[in-house]
Colleague: 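Sharing a structure below in structure tokens format, with a few things to ask.
To find a chain, count down the sequence lines: A is the first, B the second, and so on, and within it residues start at 1.
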Amino acid sequence: MIKAIKGTRDILPPATKVWNFVEEVSRRVLHCYNYQEIRTPIFEETALFARGVGEETDIVSKEMYTWQDRDGSSLTLRPENTAPVIRAFLEHRLDQRPGLQKLFYIGPMFRRERPQKGRYRQFFQIGAEAIGSESPALDAEVIEMVVEILTQSGLQGFQLIINSVGCPQCRPRFVAMLKEKIEQVASQLCADCRRRSVTNPLRVLDCKVPADQPLIETLPSILDHLCQDCRSHFTWVRKFLEDRDIRYQVQGRLVRGLDYYMRTTFEIVHGALGAQNSVVGGGRYDGLAEALGSKVPAPGIGFSIGEDRLVLSLEECRPELARQTLDLLVAPLGESALSHSTLLARELRRQGLCVEIAFDAKLKRALELANKLGARHALIVGDNEIQAGVYALKDMATGQQLNVTRDSLADKILYGKH
RNA sequence: GUGGCUAUAGCUCAGCCGGUAGAGCGCUGGAUUGUGGUUCCAGAUGUCGUGGGUUCGAAUCCCACUAGCCACCCCA
């Protein structure tokens with residue numbers, strides 16, 4: 001048998017209801033903040049990611065699905081969508097449009113990693129990018145918005161972590177100093193840290209090996225070495241968050257894996273997820289447009305929600321979201337009742353009700369089915385009912401049954417529906 | 001890329017020291033000619049992940065492979 005390939009999966013009903021739910025909530029909130037949807041291709045020129053995300057990052061150096069097209073060009077399934085959105089922004093000169101460009105996307109990304117809980121080779125992101133301002137007020141608004149999406153989804157117990165990773169003015173100076181400090185104590189650190197002290201010293205700060213912690217705490221924090229502009233920017237972001245009563249934790253060791261981040265970075269974590277506990281990652285990327293070869297700057301900030309992970313968390317704390325719902329199951333008794341029922345069902349469906357007909361079931365089976373499908377009501381349509389012009393409408397929860405005329409049917413069914 | 005665990009019915013799993021399969025749930029039908037959720041009865045479904053080895057005999061022991069899960073790494 002042919003099966004879905006490693007790291008990909010089928011999302012079946014009723015789980016799809018949870019997916020639709022988070023997408024609906026996201027779209028609603030994004031709309032209120034005046035974000036508009038953008039759809040970019042699922043594959044791009046490889047150079048876009050190499051330059052945008054960074055040649056040395058794990059994503060680019062070992063996780064991309066890259067192949068050579070028939071004309072010899074190198075193409076890649078998108079591993080993330082910020083670089084493609086900025087590419088589209090520049091290509092279509094969206095900087096010429098009035099005001100900030102606020103764009104959002106929902107779609108699959110691809111990274112060839114070893115799958116585990118909350119990590120898949122094809123995974124879905126709900127992301128937003130606000131392009132055209134360096135203002136810390138925008139940072140706070142973006143963070144507020146994603147917190148709003150999670151809250152309105154009903155997610156409980158998530159935690160916001162923020163940091164500033166500096167800018168091309170101050171970060172290189174800090175990294176050089178950090179590297180020097182690490183080298184002094186390198187012999188006492190784990191093998192990974194010794195490797196990282198050369199490839200990416202900032203990552204050493206993020207080491208989780210318990211034995212290394214005491215030493216790591218003695219290392220300097222970037223927050224103490226930001227330049228004047230970055231320091232003030234970060235102070236403002238924090239103030240704006242506090243004005244909104246948004247709880248956050250500053251973690252000087254929060255490092256994002258993508259090269260384009262500068263100044264504000266943030267992450268939202270949730271406990272129900274296992275090791276891959278980050279539901280949202282985001283940050284500011286003021287230099288990205290230039291890195292892609294643009295002469296016009298496009299400072300911006302964005303985030304992406306790991307939709308798979310959000311769904312995973314919600315399935316734990318809101319299991320009711322995945323329950324199937326059916327307004328009415330019609331049970332026709334006999335052939336004449338069947339044709340009558342089909343017309344009746346169409347009428348009710350046109351009024352927006354979710355209706356199923358038990359085509360070939362005896363009444364007993366039909367009611368059993370109504371029960372299994374979670375129908376809120378069952379409607380018995382037999383010769384008696386057709387003649388009398390009143391149907392027997394049964395409330396499946398209470399077992400109460402009452403006679404209802406055709407005209408008042410929809411109202412009776414809708415009554416009490418939340 | 002590295003490590004650990006697992007692989008038996010549609011699902012969750014039992015099957016101890018080797019004697020060629022079982023439970024619960026689900027599904028189908030019945031106990032009622034037009035009344036479900038509880039109960040009772042009956043039924044169907046398995047190359048025991050794949051390949052090899054040990055043995056008179058392997059779901060069970062050994063090896064390899066494959067797949068899944070979890071973790072490292074990294075990230076959404």
Colleague: Would you say L367(A) and K394(A) make side-chain contact, with heavy atoms under 4.5 Å?
Modeller: yes
Colleague: Considering only the P atoms, how many Å lie between rG29(B) and rU33(B), rounded to the nearest integer?
Modeller: 14 Å
Colleague: So which nucleotide from rC74(B), rA71(B), rU28(B) ends up closest to the side chain of A275(A)?
Modeller: rA71(B)
Colleague: Just how far, in rounded Å, is P of rC74(B) from CG of L254(A)?
Modeller: 14 Å
Colleague: Provide the distance between the two P atoms, one in rA59(B) and one in rA9(B), to the nearest whole Å.
Modeller: 14 Å
Colleague: Round to a whole Å and report the spacing from CG of D10(A) to P of rG10(B).
Modeller: 17 Å
Colleague: Using the C1' atom as the reference point in each nucleotide, state the distance between rA58(B) and rG49(B) in Å, no decimals.
Modeller: 16 Å
Colleague: How long is the line joining CG of L12(A) and P of rG10(B), in whole Å?
Modeller: 16 Å
Colleague: Is any N or O donor-acceptor pair between the side chain of R119(A) and the base of rC74(B) shorter than 3.5 Å?
Modeller: yes
Colleague: More than 12 heavy atoms of other residues, nucleotides or ligands under 6.0 Å from CD of E45(A): yes or no?
Modeller: no
Colleague: Round to a whole Å and report the spacing from CZ of R121(A) to C1' of rC73(B).
Modeller: 14 Å
Colleague: Sequence neighbours left out, cut at 3.5 Å: what donor-acceptor pairs do the side chains of residues 276-283 of chain A make with other protein atoms?
Modeller:
none

Colleague: Does anything in residues 312-324 of chain A come within less than 4.0 Å of RNA chain B? Heavy atoms only, and list the residues if so.
Modeller: none
Colleague: Can you tell whether the side chains of R9(A) and D308(A) come within less than 4.0 Å, N to carboxylate O?
Modeller: yes
Colleague: Taking 4.0 angstrom as the limit, do E368(A) and R365(A) come out as a salt bridge?
Modeller: yes
Colleague: If you check every side-chain atom of E63(A), which of rC74(B), rG30(B), rC27(B) has the closest atom?
Modeller: rC74(B)
Colleague: Using a 4.0 Å heavy-atom cut-off to protein, can you give one letter per nucleotide of nucleotides 34-46 of chain B, 5' to 3': B if the base is in contact, S if only the sugar-phosphate is, - if neither?
Modeller: BBBB---------
Colleague: When you measure from the side chain of H225(A) to the backbone of R173(A), do you find a donor-acceptor pair of N or O atoms at a distance under 3.5 Å?
Modeller: no
Colleague: Reckon Y120(A) touches a base, only the sugar-phosphate, or nothing at all at heavy-atom distances under 4.0 Å?
Modeller: base
Colleague: Which residues satisfy the ring pair (Phe, Tyr, Trp, His ring centres under 6.0 Å) test with Y391(A), sequence neighbours excluded?
Modeller: H340(A)
Colleague: Grab the CG-C1' distance between L373(A) and rC27(B) for me, whole Å please.
Modeller: 14 Å
Colleague: For F110(A) and rC74(B), give me the distance from atom CZ to atom C1', rounded to whole Å.
Modeller: 19 Å
Colleague: Within the supplied structure, the quantity of interest is the number of heavy atoms (other residues, nucleotides, ligands) at a distance under 6.0 Å from L343(A) CG; does it exceed 12?
Modeller: yes
Colleague: With T82(A) as reference, evaluate Q125(A), R87(A), E129(A) under the side chain to side chain donor-acceptor pair (under 3.5 Å) test and give the passing residue.
Modeller: E129(A)
Colleague: Q276(A) side chain N/O closer than 4.0 Å to the phosphate oxygens (OP1, OP2) of rC74(B)?
Modeller: no
Colleague: What is the distance from atom OH of Y33(A) to atom NZ of K102(A), rounded to the nearest 0.5 Å?
Modeller: 9.0 Å
Colleague: Using the C1' atoms only, state how far rG15(B) lies from rC48(B), rounded to an integer number of Å.
Modeller: 11 Å
Colleague: Produce the list of close N/O pairs, under 3.5 Å, pairing protein atoms with atoms of nucleotides 64-68 of chain B; give distances to one decimal.
Modeller:
| unit_1 | atom_1 | unit_2 | atom_2 | d |
| --- | --- | --- | --- | --- |
| rA67(B) | O2' | K3(A) | NZ | 3.3 |
| rG68(B) | OP2 | K6(A) | NZ | 2.9 |

Colleague: Does the side chain of L312(A) come within less than 4.5 Å of K117(A)'s, by heavy atoms?
Modeller: yes
Colleague: Between R376(A) and D327(A), which heavy-atom pair has the shortest distance, and what is it?
Modeller: NH1-OD1, 3.3 Å
Colleague: Counting only heavy atoms not in E290(A) (residues, nucleotides, ligands), do more than 12 fall under 6.0 Å from its CD?
Modeller: yes
Colleague: Can you tell me how far P in rU2(B) sits from the matching atom in rC17(B), rounded to whole Å?
Modeller: 32 Å
Colleague: Scan W67(A), F110(A), Y65(A) and name whichever one has a ring-ring contact (aromatic ring centres under 6.0 Å, His included) with F43(A).
Modeller: W67(A)
Colleague: Using the P atom in both, what is the distance from rA21(B) to rU60(B), to the nearest Å?
Modeller: 13 Å
Colleague: How long is the span from the CD atom in E183(A) to the CG atom in L178(A), to the nearest 0.5 Å?
Modeller: 10.0 Å
Colleague: Between rA76(B) atom P and I161(A) atom CD1, what is the distance in whole Å?
Modeller: 13 Å
Colleague: Distance between the C1' atoms of rG22(B) and rU45(B), in whole angstroms?
Modeller: 14 Å
Colleague: Tell me whether F123(A) and rA76(B) count as stacked here, given that the ring centres must be under 5.5 Å apart and the planes must differ by less than 30 degrees.
Modeller: yes
Colleague: Defining pairs by Watson-Crick or G-U wobble geometry with both distances under 3.5 Å, how would you list the stems of RNA chain B with at least three pairs each?
Modeller: B:1-7 with B:66-72, B:10-13 with B:22-25, B:27-31 with B:39-43, B:49-53 with B:61-65
Colleague: Measure the distance from CD on E267(A) to C1' on rA76(B) and round it to the nearest whole Å.
Modeller: 9 Å
Colleague: Please determine if a side-chain N or O atom of Q116(A) lies less than 4.0 Å away from the OP1 or OP2 oxygen of rA71(B).
Modeller: yes
Colleague: Expressed as a whole number of Å, how far does the C1' atom of rA31(B) sit from that of rU47(B)?
Modeller: 38 Å
Colleague: So do P84(A) and L48(A) actually touch side chain to side chain, heavy atoms under 4.5 Å?
Modeller: yes
